[in-house]
Amino acid sequence: MKHFDFDIIVVGGGHAGVEAALAGSRMGKKVALVSMDRTKLALMSCNPAIGGLGKSQIVKEIDALGGLMGRAIDATGIQFRKLNLSRGPAVWSTRAQADRIGYNEFVCRFVEADQNITIIEGTAGAFLTEGDKIAGIELESEERIFAPAVIVCSGTFLGGLIHIGQKQIPAGRRGEKGAYKLSESFRALGFEIGRLKTGTPPRLDGRTIDYSRCEEQPGEIPVPFFSYATEGREFNQVPCHLTYTTDKTKGIILRNLLLSPMFSGQIKSRGPRYCPSIEDKIYRFADKPRHQIFLEPEGNGTDEVYPNGFSTSLPEDVQYEAIRSVIGLEEAKITKPGYAIEYDYCPAYQIKASLETRRLEGLFLAGQINGTSGYEEAAGQGLMAGINAALKINDQPPLILDRGEAYIGVMIDDLITHSTTEPYRMFTSRAEYRLGLREDNARDRLFSHANKYGLISDDDFGQFEKIRISTDKEISRLRKTSVPVSRLDGLAKHFVKRENVSLAELLKVPGVTPRDIIPYLDSSLESHGSGLEVLERAAIYIRYEGYIKKQEREIEKFRKMEGECIPEEISFESISGLRNEAREKFVRFRPNSLGQASRIEGVTTGDLAVLSIYIKRFGRRADDIKKPE
């Protein structure tokens with residue numbers, strides 16, 4: 001029986017699901033958000049933090065496209081830090097510790113207040129289809145919900161199985177049931193399903209930690225917030241602490257290695273390469289005398305602490321023994337044991353760049369179901385799936401962000417052109433055009449898209465246009481404004497035999513910051529646009545102008561190759577001259593451009609040349625067919 005009619009159904013209320021639902025709503029669609037528990041939307045299952053290297057850039061992009069994550073962490077963060085400031089702006093990143101429960105509650109209130117979103121508590125059990133199109137879902141309760149677009153954001157709940165030593169618990173995460181019938185529905189429709197693994201450390205009672213033996217990690221002032229919409233403020237930030245494992249830790253882990261499901265053979269799926277368990281780290285890096293452990297508070301209203309770097313699935317008694325061998329944790333009490341969790345995912349060659357599946361029209365996948373790891377990666381995919389589902393309903397072409405435009409574009413392109421056999425995590429090193437994909441210019445890159453699709457307000461767009469104009473004026477002013485070298489004190493040594501130097505030249509001196517040149521400005525900072533923000537934007541451009549222009553030329557070349565499109569109806573099997581490996585890869589990944597084909601593992605320049613010639617001939621044949629008799 002048909003109970004509901006919606007434009008979009010979102011399955012799963014994690015970070016991906018929330019952004020998907022909100023994006024659909026902002027584009028005027030009626031959205032059903034199906035979640036097992038409406039009070040646990042965007043609950044942080046693992047570390048209580050947002051951002052970090054390569055991840056904060058995604059958060060800024062989500063924010064520039066009207067998403068919630070940046071505003072949510074700004075409202076509930078307990079500590080903010082800037083990372084990598086000793087290096088160039090391409091890798092500057094922001095990271096914030098969250099009030100874990102506060103973040104969850106903020107998101108729940110925000111979603112509950114959205115008039116276009118209906119939250120339905122339940123578990124998706126099967127897909128409803130009409131031919132090769134999605135028609136809705138059936139819940140495990142047998143209730144049916146109909147919509148022309150469905151977005152699956154299942155996280156670790158799809159086929160979830162927790163491991164603690166030899167103990168196995170069917171669950172989506174600690175204390176919550178998993179979803180098992182939906183995997184069978186995927187298989188019945190012909191989708192390939194794989195298994196991945198991730199893990200989490202034990203939680204500790206902060207009152208039992210000796211912080212005097214650990215290194216304090218304070219927050220940063222002024223607070224580096226994420227969202228452009230957040231007004232600056234100061235507050236008492238909660239410190240984190242750094243500690244280390246010991247030789248005793250190493251001995252305990254190695255003695256009990258075969259009790260770990262990863263080493264006993266109980267877990268056969270692959271875990272995240274860049275976030276290994278403590279037993280994996282000690283085994284793989286046996287020559288390393290110690291490993292860092294970051295003690296991260298879980299929020300203002302709790303004493304629980306997250307020991308980042310101590311993910312484990314060892315038996316509980318071994319976890320206790322090992323954790324108490326860490327410096328400062330000799331008397332620590334575990335409030336919740338660590339565990340590993342295996343879950344089902346759909347290898348991402350089965351989706352298009354829009355995140356719509358190739359096999360079933362109107363079905364979109366976002367987050368860990370595509371093989372990724374991390375809140376930020378999931379949220380970025382959820383946002384794009386929500387936008388593209390709404391565009392599909394409107395019979396509009398999808399929004400595809402390319403590798404030269406956004407980290408979100410890099411991530412999605414990586415997923416659909418590579419075989420994901422382990423959880424994917426974003427790093428700045430994955431983005432070849434990272435100097436153009438900085439934190440500070442996310443709005444420059446994406447605000448026009450957000451404005452076009454109604455994801456932000458006209459006022460926000462207008463205000464930013466003023467900032468852009470002010471930035472151009474500020475660049476000109478800094479180039480034209482000169483100061484006597486005699487006024488530069490310790491900086492004068494950089495300009496020997498010069499009487500005057502422009503502020504632009506001064507900014508290129510290593511170690512000189514925008515704040516350092518404020519005393520030399522000929523007028524108030526506030527009289528030039530948005531003050532320090534404009535000055536900092538102008539300073540980055542001036543310092544790295546040569547590199548930025550070089551990268552812009554590289555992006556232009558890249559886009560020319562991306563512009564050589566491969567028709568969807570092309571038959572790769574019929575292309576003579578292709579090596580068998582290339583033909584198999586093209587059939588599997590279905591690249592939509594010559595550029596995308598070039599990034600598929602195992603494809604050679606010879607294969608690309610054959611493909612390029614065939615595309616041109618195919619195009620000519622298609623033109624002949626279209627000509628009137």
Side-chain angles (χ1 to χ4, degrees), residues 11-12 14 16-17 20 124 127 132 134 150-161 172 178-198 267-275 341-374 377-378 380-382 384-385 388 400 408-426 430 566 568 572-573 581-592 596-603:
V11 177
F127 296 113
D132 61 355
I134 195 76
V150 173
I151 305 170
V152 178
C153 312
S154 49
T156 59
F157 284 74
L158 199 64
L161 182 65
Y180 302 95
K181 291 184 178 180
L182 197 62
S183 292
E184 293 310 310
S185 190
F186 269 113
R187 291 188 180 96
L189 289 167
F191 285 90
E192 180 189 341
I193 298 293
R195 295 283 278 176
L196 291 176
K197 169 260 177 189
T198 189
I267 293 177
K268 295 180 173 60
S269 52
R270 292 284 293 275
R273 180 190 302 264
Y274 302 103
C275 188
I341 183 166
E342 286 187 290
Y343 55 93
D344 290 340
Y345 83 110
C346 291
Y349 73 87
Q350 300 170 106
I351 58 173
K352 305 174 187 178
S354 64
L355 301 181
E356 183 182 20
T357 63
R358 299 183 183 282
R359 187 171 290 275
L360 192 60
E361 187 177 346
L363 177 62
F364 294 77
L365 308 181
Q368 283 176 287
I369 192 168
N370 288 331
T372 60
S373 150
E377 290 89 340
Q381 291 171 71
M384 296 309 298
N388 286 326
I400 308 296
I408 292 173
V410 172
M411 170 178 62
I412 293 174
D413 186 70
D414 281 352
L415 290 173
I416 64 176
T417 58
H418 293 80
S419 298
T420 308
T421 57
E422 61 185 60
Y424 175 98
R425 180 179 177 183
M426 178 51 72
R430 293 192 189 274
I566 301 173
E568 274 196 28
F572 293 107
E573 294 95 329
E581 181 184 1
R583 184 178 289 108
E584 290 169 5
K585 292 287 179 70
F586 291 156
V587 169
R588 180 179 175 87
F589 291 103
R590 302 293 310 179
N592 58 25
Q596 200 173 83
S598 72
R599 293 188 291 278
I600 296 174
E601 187 180 10
V603 172

### Task
Check whether any side-chain N or O of Thr372 sits under 3.5 Å from a backbone N or O of Tyr424 as a donor-acceptor pair, and report yes or no.
no
### Minimum heavy-atom distance Leu365-Cys346, with the two atoms named
CD1-CB, 3.9 Å
### Task
Mind checking ring-ring contact (aromatic ring centres under 6.0 Å, His included) for Tyr349 and listing every partner two or more places apart, or none if nothing turns up?
none
### Query
Who passes side-chain contact (heavy atoms from CB on, under 4.5 Å) against Leu360, sequence neighbours left out?
Thr129, Ile134, Leu189, Phe191, Thr357, Leu363
### Task
Just grab all the salt bridge (Lys or Arg N to Asp or Glu O under 4.0 Å) pairs involving residues 408-417, residues at least two apart or on different chains.
Arg403-Asp413, Arg403-Asp414, Asp413-Arg599
### Query
For Arg187, what residues pass the side-chain contact (heavy atoms from CB on, under 4.5 Å) criterion, not counting sequence neighbours?
Ser183, Glu184, Ile193, Asp344
### Derivation of the side-chain contact (heavy atoms from CB on, under 4.5 Å) call for Ser598 and Val603
CA-CA 6 Å; Ser598 72; Val603 172; 5.9 Å; no
### Task
Specify the closest pair of heavy atoms between Leu355 and Ala385, including all atoms of both residues, with the distance to one decimal.
CD1-N, 3.9 Å
I'd like a table of donor-acceptor pairs (distance under 3.5 Å, sequence neighbours excluded) in which one partner is a side-chain atom from residues 152-159, with atom names and distances.
{"from": "Thr156", "atom 1": "OG1", "to": "Gly172", "atom 2": "O", "distance (Å)": "2.6"}

#### Entry: Stepwise side-chain contact (heavy atoms from CB on, under 4.5 Å) test for Gln368 and Leu196
CA-CA 9 Å; Gln368 283 176 287; Leu196 291 176; over 6 Å; no
### Summary
Sequence neighbours excluded, the answer for side chain to side chain donor-acceptor pair (under 3.5 Å) partners of Asn370 is Gln381
### Task
Sequence neighbours left out, what passes ring-ring contact (aromatic ring centres under 6.0 Å, His included) with Tyr180? Give chain and number order.
none
### Query
Taking all non-hydrogen atoms of both residues, which atom of Val410 and which atom of Arg430 are closest, and how far apart?
CG1-O, 3.6 Å
### Task
Give a yes or no on whether the backbone of Ile267 and the side-chain of Glu342 come within a donor-acceptor separation of less than 3.5 Å.
no
## Note on the structure
To the nearest 0.5 Å, atom OH of Tyr345 lies from atom CZ of Arg195 at 11.5 Å
### Query
How many angstroms lie between CZ in Arg588 and CD in Glu192, if you round to the nearest 0.5 Å?
5.5 Å
### Task
Measure the shortest side-chain to side-chain distance between Gln596 and Ile416 over non-hydrogen atoms and say whether it is less than 4.5 angstrom.
yes
#### Entry: Sidechain-backbone polar pair: Ser185 side chain, Phe127 backbone, donor-acceptor under 3.5 Å
yes
### Query
side-chain contact (heavy atoms from CB on, under 4.5 Å) with Arg590: which residues, sequence neighbours excluded?
Arg358, Ile570, Phe572
### Query
Looking only at heavy atoms, what is the nearest atom pair of Leu182 and Ala124, with distance?
CB-O, 3.8 Å
## Note on the structure
Value for CZ (Arg583) from CD (Glu573), rounded to nearest 0.5 Å, stands at 8.5 Å
#### Entry: Shortest non-hydrogen contact from Ile151 toward Ala366
CG2-CB, 4.4 Å
### Query
Among all residues two or more places apart in sequence or in another chain, which pass the ring-ring contact (aromatic ring centres under 6.0 Å, His included) test with Phe364?
none
### Message
Using the salt bridge (charged side-chain N to carboxylate O under 4.0 Å, His left out) criterion, which residues pair with Glu581? Sequence neighbours excluded.
### Response
Arg579, Lys585
### Set of residues satisfying side chain to side chain donor-acceptor pair (under 3.5 Å) with respect to Arg359, sequence neighbours excluded
none
### Query
Do other residues, nucleotides or ligands put more than 12 heavy atoms under 6.0 Å from Lys352 NZ?
yes
### Message
Checking Phe589 now: which residues fulfil ring-ring contact (aromatic ring centres under 6.0 Å, His included) with it, not counting sequence neighbours?
### Response
none
### Query
At their closest point, which heavy atom of Ile600 faces which heavy atom of Phe586, and how far apart are they?
CD1-CD2, 4.1 Å
### Message
Tell me whether Arg425 contacts the main-chain N or O of Glu377 through its side chain, where contact means a donor paired with an acceptor under 3.5 Å.
### Response
no
